[in-house]
Protein chains: 2
Amino acid sequence: MAVYTPAEAVEETGFSLDTLRYYERIGLLERIGRNAAGQRRFTDDDIGWLGMIRCLRDTGMPIAEMLRFAALTRQGDHTIPERIELLEAHDRAVERQLDDLQTKQGAIKRKIGYYKDVLAMDRAFTC
Amino acid sequence: MAVYTPAEAVEETGFSLDTLRYYERIGLLERIGRNAAGQRRFTDDDIGWLGMIRCLRDTGMPIAEMLRFAALTRQGDHTIPERIELLEAHDRAVERQLDDLQTKQGAIKRKIGYYKDVLAMDRAFTC
DNA sequence: CTGGCACCTGGAGCATGCTCCAGGTCAAGC
DNA sequence: GCTTGACCTGGAGCATGCTCCAGGTGCCAG
């Protein structure tokens with residue numbers, strides 16, 4: 001099992017060191033192990049958990065809900081049904097997000113098309 | 001051409017009245033017309049522009065960039081090429097957002113699948 | 001031995017995007 | 001005439017999610 005220095009964890013996860021410390025402070029990460037000098041040493045498990053956090057964060061889950069997920073995870077396997085529920089609810093939210101984004105992207109593309117038409121008209125009249 | 005009271009504009013656009021006033025304050029909306037009593041009266045054009053704003057906002061465009069778009073729009077038709085550029089750049093950003101969201105949704109679905117497998121294993125051993 | 005660098009902690013500060021409030025105006029219904 | 005309700009303004013406050021800072025420790029290269 002590999003261990004990662006703070007700099008390596010930053011590299012692996014894409015979170016800034018300040019963000020990692022912040023996540024630990026608020027309890028989104030369990031207290032990270034330390035070496036003799038008190039410096040953090042991240043494990044593969046930590047890095048894996050941070051991967052999950054990144055997924056949830058980047059799909060728009062608020063920190064408060066990630067904290068709930070973290071709490072469930074710490075409470076052991078009997079919370080797996082609740083975790084499934086939480087993730088399925090989030091998955092549905094992501095689905096709505098995708099639909100909404102696509103609809104609105106369509107509108108933006110139409111607007112671009114409209115502007116291009118205006119330009120084409122312009123050329124038709126001035127040439 | 002219809003006019004809309006503040007309450008009707010809220011209804012039409014889905015923005016709160018405070019948000020509409022805020023958008024006007026920062027110049028995202030041009031100064032909205034007033035009646036004799038100084039109350040706002042929104043036009044169809046205002047409502048249309050707010051629809052555009054909602055599209056851009058909900059697809060993640062920061063206010064600073066919407067302000068740039070608003071400024072271009074106010075400067076007249078000769079800025080249409082720039083507006084196309086801005087919207088096309090944004091469209092590409094939305095595309096990346098969609099891709100990223102889909103990838104991460106996949107990871108979440110796999111995690112849900114994993115949890116369900118754990119539950120199934122559990123049942124297999126305890127029954 | 002001495003920098004210099006990566007790291008530590010607790011706490012303050014900040015960027016974004018609203019949201020709320022106090023104090024006031026106007027018009028309409030009872 | 002009086003209340004009620006929608007609206008006004010300028011300005012303060014807030015929720016989220018980091019980000020930065022001061023002051024200090026420990027380790028390694030030269």
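Chain identifiers are assigned alphabetically (A, B, ...) following the order of the sequence lines, protein sequences preceding nucleic acid strands; residue numbering begins at 1 within each chain.
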**Prompt:** Does a nitrogen or oxygen in the side chain of B:R40 sit under 4.0 Å from OP1 or OP2 of D:dC7?
**Reply:** no

**Prompt:** How would you list, by chain and number, every residue that makes a salt bridge (Lys or Arg N to Asp or Glu O under 4.0 Å) with A:D18, sequence neighbours excluded?
**Reply:** A:R21

What are the atom names and distances for every N/O pair under 3.5 Å that joins the protein to nucleotides 18-25 of chain C?
residue	atom	partner	partner atom	Å
C:dC18	OP1	B:R57	NH1	2.8
C:dC18	OP2	B:Y23	OH	2.8
C:dC20	N4	B:D18	OD1	3.3

**Prompt:** Who are the side-chain hydrogen bond (donor to acceptor under 3.5 Å, both in side chains) partners of A:E24, not counting sequence neighbours?
**Reply:** A:R34, A:R40

**Whole-Å distance separating the CD1 atom of A:I32 from the C1' atom of C:dC8** = 15 Å

**Rounded distance (Å) that lies between atom C1' of C:dG17 and atom CE of B:M61** = 16 Å

**Message:** With a 4.0 Å cut-off on N to O distance, would you call B:E88 and A:K116 a salt bridge?
**Reply:** yes

**Request:** Starting from C1' on D:dG17, measure out to CD1 on A:I53 and report it in whole angstrom.
**Result:** 14 Å

**Prompt:** For residues 47-65 of chain A, which residue pairs qualify under side-chain hydrogen bond (donor to acceptor under 3.5 Å, both in side chains), counting only residues two or more places apart or in two chains?
**Reply:** A:R54-A:D58, A:D58-B:K104, A:T59-A:H90

**Request:** Answer with base, sugar-phosphate or nothing: what part of the nucleic acid does B:A64 contact at a heavy-atom distance below 4.0 Å?
**Result:** nothing

**Prompt:** Can you find a side-chain donor-acceptor pair between B:T103 and B:D100 that sits under 3.5 Å?
**Reply:** no

**Qualifying side-chain hydrogen bond (donor to acceptor under 3.5 Å, both in side chains) pairs with a residue from residues 68-77 of chain B, counting only residues at least two apart or across chains** = none

**Message:** In whole Å, I'd like the distance from the CG atom of B:L28 to the C1' atom of C:dG17.
**Reply:** 12 Å

**Fill in**
Quick note, B:R31 side chain, CB onward, closest among D:dT9, C:dT9, C:dC7 is D:dT9

**Message:** According to side-chain hydrogen bond (donor to acceptor under 3.5 Å, both in side chains), who are the partners of B:T79, at least two apart in sequence or on a separate chain?
**Reply:** B:R83

**Complete:** Whole-Å distance, A:L17 CG to C:dC5 P, equals 17 Å

**Message:** In whole Å, I'd like the distance from the CZ atom of A:R34 to the C1' atom of C:dA6.
**Reply:** 14 Å

**Request:** Would you kindly give the CZ-to-P distance between B:R54 and C:dG17, to the nearest whole Å?
**Result:** 14 Å

**Message:** Using a heavy-atom cut-off of 4.0 Å across all strands, would you classify A:A36 as base, sugar-phosphate, or nothing?
**Reply:** nothing

**Protein-nucleotide distance (A:E8, atom CD; C:dA6, atom C1'), rounded to Å** = 12 Å

